[in-house]
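Here the structure comes first, spelled out in structure tokens, and everything after it is commentary.
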Protein chains: 2
Amino acid sequence: MRVSLKDVAERAGVSIKTVSNVVNNYQHVTPGMRARVQAAIDELGYRPNLTARHLRKGRTGILALALPELGNPYFAELAGAVIDEAAAHDLTVLLDHTGGEREREVLVSQGFRAGVIDGLILSPLELEVEDLRSREDDVPLVLLGEREYDLPYAHIAIDNVAAARLAVRHLLGRGRTRIAYLGARTDSANRPAHLRLAGWREELAAAGLPAPEELIGPTAGWDRGDGAEAMARMLDAGVRPDAVFAYNDLVAIGAMRVLHERGLRVPWDVAVVGFDDIAEGRFGAVTLTTVSPDKRAIARLAVESLLRTLKNPQASPQGRELTAEFELIERESTLGRR
Amino acid sequence: MRVSLKDVAERAGVSIKTVSNVVNNYQHVTPGMRARVQAAIDELGYRPNLTARHLRKGRTGILALALPELGNPYFAELAGAVIDEAAAHDLTVLLDHTGGEREREVLVSQGFRAGVIDGLILSPLELEVEDLRSREDDVPLVLLGEREYDLPYAHIAIDNVAAARLAVRHLLGRGRTRIAYLGARTDSANRPAHLRLAGWREELAAAGLPAPEELIGPTAGWDRGDGAEAMARMLDAGVRPDAVFAYNDLVAIGAMRVLHERGLRVPWDVAVVGFDDIAEGRFGAVTLTTVSPDKRAIARLAVESLLRTLKNPQASPQGRELTAEFELIERESTLGRR
DNA sequence: GCTCGTCCTTTCAACGTTGTACAGACTTCG
DNA sequence: CGAAGTCTGTACAACGTTGAAAGGACGAGC
């Protein structure tokens, strides 16, 4: 059986509370008493039961992080950053998969592991605003990814439109004029997908270039296979872009694979820009130019925002949008030409 | 404030315990009473406080999973599998990073989040047997990765020697004779690294081939950069293998990148085999032949082993070694030639 | 009308911890 | 030397839940 305060108290011949005081470094304890209790603690190998402590205190020190899928390196890297950031604040992270399914996302937002977690960081793909409007759970919530609504939850985002425009501008600067966008999904609630497409349109318009439908490659998801499929479909249709801007690095990598199979050389025949800056993009046969969101900043903002809400529950963060920086990282996939 | 049993009880005009009975589907409750209580529950949006429930019951429904680093896709994919497997048993997973540092691993094994977690799955890199011998925490522990010791903890492994031999045999079968091994680290306690090297030696010996030191590429870690460095060092030294067997896919990918930079074509000039079967290996310019451990099986065995220990605490699993299957997946990096 | 049994509901205590309130001892100072 | 203050340790209750056991209502049987 586990050692509890009671056992230590009996061993040291003091009250339970005194042991508790020693454990918590309460100030008014004589050195002699402290030493005696500490000895008993060490002998018995006592460790506080956090469940009980937190039942009493109302805090557990556990944050939940709900992501679509750890198999996606972007989310895995982000999760790693959140875990490290949480650890810096003496918190641990409970991880859950939503599979990017709306139903699971709703479930998680409504009350995941109720009473166990102090806060929830949710990275939704398909969650709708109305799903959140009916939320009753009082666990503080932070959303990751750009959203548009008036709900009292903080969300951490980067400026997707600006980021997409930066990527497209980079390609234009390299002399590319037929720039495809891969990763369009009109049926999805995933705002970043829409915003990146919008950024693509805007930047082309600003350059006085057309944005024909044939250069928009729809995908079923945003994994490597989806990128490959979309690229293949576009090429099969006889469309021949001289550059590709992809929703994310995975889609870009899938596309590059197909370009390679079809004998189109990256970057000579087709330049490619991805999004996310996953480690994978730094080591392929052709390294990938990408928009790099500051993942550590996103993690930091999310955790800090939760902590702030925990400290000050009434001051709800009125849909405050916290913005993280991004930068374009140039690699081989957009080298050369002009 | 959160709604508790007490609130519901007051609203429904019954005792706390009756509400508890309804919540837990206790059998002797009249339908009328059940309906009345259920109505109150729904009105108030009551959700059980798991912390309290589990303080009472002694279980939290939370497993901890401690991994070196989520940035490594193998661990990310494995974590995903564990999360899914845990979810199938109504458990959630608390994730922690060890960074592969012995000190952190010891800390975690000694009592991570004491009293909160029901069990611990630890994937150690540098942990030594003696670190575990002094373990006092009574949380059930399962280790991932091949180990050699007589401690009362289950560990889940694949047969690394056999797996390495299979990989090398595959290369031999393709007519390769100068097969390098990348990822040797003599200073590490990481057994799989030693075992895979041993498998490489054994298979070469079985084929009557030499295993010269120059074909052994030491690395500082096992990431892409480490593989690239080791490969570059070997080539710079004038060593020219016709195949590479790498400790893992990341090292293999780093090596392929360098081979590509030096104008050596994979698989024509140098064939490459990795280990782990991470998704990344399926989409590069040259897809990667790899040894694929059954990650889902590993996750399943780990979770089930923990659950078994929880159900039956006294029957400690005397260092039981549970073995997962593996297979060789042939892709482009070892195509052709003979 | 009384006893007994059955079924439903409640009371009580406990899981391990900490905040509050308080008692006793010891110090300080006029 | 007495009053006031400070320091140290203790008793109690509470966090929200559930198992054990007791309480109460109701109908059946005599």
Side-chain angles (χ1 to χ4, degrees), chain A residues 1-38 40-41 44-62 111 113-118 137-139 310 313, chain B residues 1-38 40-41 44-62 111 113-118 137-139:
Chain A
M1 198 43 216
R2 233 196 130 65
V3 182
S4 78
L5 281 183
K6 196 170 125 204
D7 304 316
V8 177
E10 274 170 20
R11 171 74 153 238
V14 296
S15 82
I16 290 179
K17 191 62 217 293
T18 299
V19 182
S20 168
N21 287 339
V22 170
V23 170
N24 291 282
N25 262 315
Y26 182 70
Q27 45 180 340
H28 299 304
V29 183
T30 46
M33 175 60 74
R34 187 179 297 276
R36 193 162 113 224
V37 172
Q38 190 59 53
I41 288 175
L44 296 177
Y46 167 76
R47 305 175 145 276
N49 179 324
L50 298 187
T51 302
R53 170 178 293 177
H54 292 129
L55 170 60
R56 188 64 178 73
K57 288 206 170 185
R59 294 277 176 83
T60 61
I62 299 179
R113 291 270 121 186
V116 169
I117 62 171
D118 287 347
D137 198 14
D138 52 2
V139 169
L310 282 173
Chain B
M1 198 44 217
R2 232 197 131 66
V3 182
S4 77
L5 281 184
K6 196 169 125 205
D7 305 316
V8 179
E10 274 169 22
R11 172 73 153 238
V14 296
S15 81
I16 290 178
K17 190 64 217 294
T18 298
V19 182
S20 169
N21 287 339
V22 171
V23 171
N24 292 282
N25 262 316
Y26 181 70
Q27 46 181 341
H28 297 304
V29 183
T30 46
M33 175 61 76
R34 186 179 299 275
R36 194 164 112 224
V37 172
Q38 190 61 52
I41 288 176
L44 296 176
Y46 168 76
R47 307 177 142 275
N49 179 324
L50 298 186
T51 303
R53 171 178 292 176
H54 291 129
L55 170 60
R56 188 64 178 68
K57 288 204 165 185
R59 294 277 175 84
T60 60
I62 299 179
R113 291 270 121 187
V116 169
I117 61 171
D118 287 346
D137 197 15
D138 51 1
V139 170

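Residue numbers start from 1 in every chain, and the chains themselves are labelled A, B, ... in the order their sequence lines are given, proteins ahead of strands.
No side-chain heavy atom of B/Tyr46 sits less than 4.5 Å from a side-chain heavy atom of B/Asp7. Contact of the A/Thr51 side chain with the B/Thr60 side chain is registered, since non-hydrogen atoms from C-beta on lie closer than 4.5 Å. No side-chain heavy atom of B/Val19 sits less than 4.5 Å from a side-chain heavy atom of B/Arg11. B/Arg47 places none of its side-chain heavy atoms less than 4.5 Å from the side chain of B/Val3. The shortest side-chain heavy-atom distance between B/Asn49 and B/Arg53 does not fall under the 4.5 Å cut-off. Two residues are said to be in side-chain contact when any heavy atoms from C-beta on lie closer than 4.5 Å; B/Val23 and B/Ile41 meet this criterion.
Under the salt bridge (Lys or Arg N to Asp or Glu O under 4.0 Å) criterion, B/Arg36 pairs with no residue at all, not counting sequence neighbours. Residues meeting the side chain to side chain donor-acceptor pair (under 3.5 Å) test with B/Thr30, sequence neighbours left out: none.
Of the listed nucleotides (D/dT17, C/dT17, D/dT18), D/dT18 has the atom at the smallest distance from the side chain of B/Lys57. Minimum atom distance to the side chain of A/Val14 is reached by D/dT10, of the listed C/dT9, D/dT10, D/dT17. With D/dT10, C/dT10, D/dT17 as the choices, the nucleotide that has an atom nearest any side-chain atom of A/Thr18 turns out to be D/dT10.
Each end of the helix from C/dG1-D/dC30 to C/dG30-D/dC1 gets its own axis, taken as the rotation carrying the C1' atoms of four end pairs onto the next four within a five-pair window, and the two axes meet at 60° to the nearest 10 degrees.
Taking only side-chain nitrogens and oxygens, B/Arg53 comes nearer than 4.0 Å to OP1 or OP2 of D/dT18.
Separation of atoms CZ (B/Arg34) and CG (B/Asn25) is listed at 5.5 Å; rounding is to 0.5 Å.
Heavy-atom distances under 4.0 Å link DNA chain D to B/Ser20, B/Asn24 of residues 19-32 of chain B, given in residue order.
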Pairs under 3.5 angstrom, nitrogen or oxygen only, protein versus nucleotides 4-6 of chain C, please.
none

Check: protein-nucleotides 11-14 of chain D nitrogen or oxygen pairs below 3.5 Å:
| from | atom 1 | to | atom 2 | distance (Å) |
| --- | --- | --- | --- | --- |
| D/dA14 | N3 | A/Arg56 | NE | 3.0 |

